[in-house]
Amino acid sequence: MLRTRFCEVFGVEHPIVQGGMQWVGRAELVSAVANAGALGFLTALTQPTPEDLAKEIARCRELTDRPFGVNLTILPSINPPPYAEYRDVIVESGVPVVETAGFNPAEHLPAFQGAGVKVLHKCTSVRHAVKAQELGVDCISIDGFECAGHPGEDDIPGLVLIPAAADRITIPMIASGGFGDARGLVAALALGADGINMGTRFVATRESQVHDNVKQRMVEATERDTDLIFRPLRNTARVARNAVSQEVVKILDAGGTFEDVRDLVAGVRGRTVLETGDLDLGIWTAGMVQGIIRDIPTVAELVTRIVTEARELISGRLAGVLN
Ligand SMILES: Cc1cc2nc3c(=O)[nH]c(=O)nc-3n(C[C@H](O)[C@H](O)[C@H](O)COP(=O)(O)O)c2cc1C
């Protein structure tokens, strides 16, 4: 066992989190993570309506009796989804924890805190982490430049971001971005975090409901096989490099606008990649950690392997350094 205060606060066995993932954070994966003793998050906006989210939470409960949470990602949008309704479903369902991401969670905190739902806020800068701590969240997930999805615009990798945040954060803190094995977990603990969050690594597991081609591609890909799209729009996203991501980078670098790439980046195309395994059909999310993903284990095998090897690493190689 490897226990940190994160385990105490959230009532889980291992200091490992599976962060929210659009189209991936469904009951099959999240319940497998919970059953393996880690903390998984369903992704609220993967469900087309708040009612569907309530059903997905119920479905997850049928698959596990261990704690799990829901991710609520708040992103700027011309037609925003009904965030408050999704939030109310999270509160009413009685899940013990929510992962907020994308934006300052202040508007939603009173509802969560009033109902005793713990808040794990994921952000990509020390200043946002400090702000969230001041607002009274229960835990920070600090997401470095390596991460899949939205790394922000500061480009600070985990090796600096995590200890810089640890110097300012007193509540439990999870390190995110680029984690995939025991070495990462031990490094995160050494840098001052209380555990790790993984996205990409959990996609490449047996229980994640995406096409095998996507998982195989993650095994084959190296750490160089991602692209940063939307940089000139200051809404950067790290995605798997493919024909579409390269085209989007080219158009925007040449001065194109969002309108010029709107069709290429359509969410439905990315979703179709995950469902059909046609890897060049649209944009799909993956991180640099692909470079150290070499297999497609079950979630239980992955979690057990990480914590077992982390113990061996601490008591073996690292303890050996002291001699
Ligand atoms: C396929 C995929 C979809 C994601 N969708 C979301 C999302 O909807 N909301 C969110 O907060 N984070 C999302 N993320 C980010 C993860 O929760 C996590 O922060 C990130 O993957 C950590 O970096 P890693 O991939 O290097 O482990 C997504 C990641 C992946 C791989």
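Ligands are counted one by one from 1 in listed order, and the atoms in each one are counted from 1 as well.
Not a single N or O atom of Gly149, backbone or side chain, sits closer than 3.5 Å to an N or O atom of ligand 1. At least one N or O atom of Thr200, backbone or side chain, sits closer than 3.5 Å to an N or O atom of ligand 1. Polar contact with ligand 1: present for Thr73 (N/O pair, distance under 3.5 Å). In terms of N/O distances under 3.5 Å, ligand 1 is approached by Asn71. For ligand 1, the polar-atom distance check finds no N/O of Val203 at less than 3.5 Å from any of the ligand's N/O atoms. The distance criterion of under 3.5 Å between nitrogen or oxygen atoms is not met by Thr285 with respect to ligand 1.
Taking only non-hydrogen atoms, the option from Lys122, Gln22, His150, Met218 nearest to atom 12 (N) of ligand 1 is Lys122. When the heavy-atom distances from atom 14 (N) of ligand 1 to Gly20, Ala101, Ala148 are ranked, the shortest goes to Gly20. When the options Glu146, Gln18, Met21, Arg201 are ranked by their closest heavy atom to atom 28 (C) of ligand 1, first place goes to Met21.
Contacts of Asp143 with ligand 1, taken as heavy-atom pairs under 4.0 Å, involve the side chain alone.
The neighbour count for Arg241 CZ, taken as heavy atoms of other residues, nucleotides or ligands under 6.0 Å away, is above 12. The number of heavy atoms from other shown groups lying within 6.0 Å of CZ (Arg3) is above 12. Residue-environment remark: CG (Leu159) stays at or below the threshold of 12 foreign heavy atoms within 6.0 Å. Taking a 6.0 Å sphere around CZ of Phe103, one finds it holds 12 or fewer heavy atoms contributed by other residues, nucleotides or ligands.
Close approach of ligand 1 to Gly177 is summarised as follows: ligand atoms under 4.0 Å from at least one heavy atom of the residue are 22 (C), 23 (O), 26 (O). Heavy-atom contacts of Asn197 reach the following atoms of ligand 1: 18 (C), 19 (O) (cutoff under 4.0 Å). Proximity to Met198 (heavy-atom distance under 4.0 Å) selects the following atoms of ligand 1: 27 (O). For ligand 1, the atoms closer than 4.0 angstrom to any heavy atom of Ser176 are 19 (O), 22 (C).
Under the 3.5 Å distance criterion, the side-chain polar atoms of Gln18 are left unmatched by any main-chain donor or acceptor of Asn197.
With rounding to the nearest 0.5 angstrom, the CG atom of Asp194 is 11.0 Å from the CD atom of Glu8. Atom CZ of residue Arg317 and atom CG of residue Leu313 lie 5.5 Å apart, to the nearest 0.5 angstrom. Atom CD1 of Ile162 sits about 9.5 Å away from atom CG of Asp143, to the nearest 0.5 Å.
Ranking the protein heavy atoms by distance from atom 21 (O) of ligand 1 puts Gly199 CA, 3.3 Å first. Protein heavy atom closest to atom 26 (O) of ligand 1, with residue, atom name and distance, is Gly178 N, 2.8 Å.
Between Arg305 and Asp181, none of the side-chain N atoms (NZ, or NE/NH1/NH2) sits under 4.0 Å from a carboxylate O, so this pair counts as no salt bridge.
For the pair Arg5 and Phe10, the cation does not sit on the ring face, since its NZ or CZ is not both under 6.0 Å from the ring centre and inside 45° of the axis.
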